[in-house]
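Input: one structure, supplied below.
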Amino acid sequence: MGATHIARETGLNISSAFNILRTLSHEGLLSFDPETKTYRIGMGLMEFATPLLGANPSDMIRPALTAIAQEHEVMIALWQMTEQGRIVLTDRFTAPNILHAVLARNSRLPAFSGAIGRCYAATMGYDEARTRKGFETVRWQDAPSFDSYWRDVQTARETGTASDRGQLYRGLDIVASLACDAKGSPRLGMSSITIAGQKTEEDLARVASALAEAARQIERCLFGRHAEAPAP
């Protein structure tokens, strides 16, 4: 529904309704579609309703990642982390009328690949030797040095985000974050993939921050993970 319709149904004046809707949207309880100017139930409600609902979690993730894609005018890829040390592309979310790279659904890569891989190594707490072994399984188009990759992993441990600039795939800028389950194991990866030069450093930093916030929300709402949950 749009704000006017909601105001009429609730008996509120339009200004009050708009302020409440904006607050609920900011907190993730509602999601706002900027194209249709309408609101719908957001992923944040899962934090309260997960024990009662049998909904498909992907259906709840989709509005949040679509909103990020549209707000920042990027393509967002959603990756499933597997127990076999791979990442599988399960969905994509794009803003309208933008030029973007196309990755086929069900594409599979080693878990250490690109920006997701740096986050993965950081989250798993791997030491330098184990990280090097994983790094060597990746087919890089323009491979970074391992020392550079290792520094990025250490930074990802602090920030929860990582980037890959034309290294996994030439000509693509990638920033990413991961969502973990209640035990601290990586479950979902989210990466923004843009053509090199489309976005400034500041733009990419803002996208990375949005993905990290989405990851934290997914951890709370879908996996029941809280800040104090132990790392693996």
Side-chain angles (χ1 to χ4, degrees), residues 22-32 39-53 55-72 74-82 87-93 95 111 114-126 152-164 174-193 199 202-232:
R22 183 171 56 183
T23 299
L24 293 176
S25 179
H26 177 74
E27 296 297 332
L29 300 180
L30 299 179
S31 62
F32 177 67
Y39 295 84
R40 66 172 60 198
I41 297 299
M43 191 173 66
L45 281 181
M46 288 292 285
E47 191 165 359
F48 304 101
T50 292
L52 305 176
L53 297 178
N56 182 347
S58 296
D59 291 338
M60 301 304 292
I61 293 172
R62 187 171 293 109
L65 296 188
T66 298
I68 293 173
Q70 292 181 350
E71 178 180 355
H72 297 278
V74 296
M75 189 272 278
I76 303 294
L78 178 65
W79 303 85
Q80 178 76 44
M81 318 299 294
T82 75
I87 57 175
V88 181
L89 181 64
T90 59
D91 213 340
R92 299 169 307 200
F93 312 89
I116 291 282
R118 291 162 167 92
C119 292
Y120 174 77
T123 301
M124 294 299 291
Y126 288 142
D152 291 343
V153 169
Q154 293 173 305
T155 299
R157 287 176 178 162
E158 299 295 326
T159 65
T161 65
S163 66
D164 181 290
I174 307 173
V175 293
S177 190
L178 286 183
C180 298
D181 61 21
K183 296 180 179 179
S185 299
R187 294 286 298 277
L188 296 173
M190 294 154 286
S191 59
S192 163
I193 304 174
K199 299 295 178 181
E202 293 78 11
D203 291 334
L204 293 173
R206 284 190 286 269
V207 177
S209 178
L211 291 177
E213 177 56 32
R216 288 190 291 269
Q217 189 176 27
I218 290 168
E219 289 177 343
R220 295 193 307 269
C221 301
L222 299 186
F223 300 125
R225 185 171 192 250
H226 301 283
E228 67 273 18

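Fair warning: this is a prediction, and the values are worked out from it, not measured in the lab.
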Any side-chain heavy atom of R118 within less than 4.5 Å of one from T161? no
Which residues share a salt bridge (charged side-chain N to carboxylate O under 4.0 Å, His left out) with R92, sequence neighbours left out: none
Test your reading of the model: is there a side-chain donor-acceptor pair from S177 to the backbone of G160, 3.5 Å cut-off? yes
List the steps and the verdict of salt bridge (Lys or Arg N to Asp or Glu O under 4.0 Å) for D91 and R62. CA-CA 9 Å; D91 213 340; R62 187 171 293 109; 3.3 Å; yes
Using a 4.5 Å cut-off on heavy atoms from C-beta on, say whether the side chain of L78 contacts that of L89. no
Using every non-hydrogen atom in the two residues, find where A162 and A156 come nearest and quote the distance to one decimal. CB-CB, 4.3 Å
Enter the distance from L24:CG to S31:OG here, rounded to the nearest 0.5 Å. 11.5 Å
I want to check something: taking the side chain as every heavy atom from C-beta on, are Q80 and L188 in contact at a cut-off of under 4.5 Å? yes
I need the L30 CG to S25 OG distance, nearest 0.5 Å. 6.5 Å
Side chain to side chain, M190 and W79, heavy atoms closer than 4.5 Å: no
Here the gap from I87 atom CD1 to M81 atom CE, rounded to the nearest 0.5 Å, amounts to 6.0 Å
Any idea how Y120 and Y126 line up, ring-wise: parallel (<30°), tilted (30 to 60°), or perpendicular (>60°)? perpendicular
So, S185 side chain and D181 main chain: donor-acceptor pair closer than 3.5 Å or not? no
So, do H72 and S192 sit near enough that their side-chain heavy atoms are less than 4.5 Å apart? no
Step by step, work out the side chain to side chain contact (heavy atoms under 4.5 Å, CB included) result for F93 and M75. CA-CA 6 Å; F93 312 89; M75 189 272 278; over 6 Å; no
L211, I116, D164 screened by side chain to side chain contact (heavy atoms under 4.5 Å, CB included) with S191, the one that passes: I116
Pairwise side-chain contact, R225 with R220, heavy-atom cut-off 4.5 Å (strictly under): no
Is there a side-chain contact between T123 and R157 in this structure, where contact means two heavy atoms from C-beta onward sitting under 4.5 Å apart? no
Do the side chain of E219 and the main chain of C180 share a donor and acceptor less than 3.5 angstrom apart? yes
Are R22 and H26 packed together at the side-chain level, in the sense that at least one heavy-atom pair is separated by less than 4.5 angstrom? no
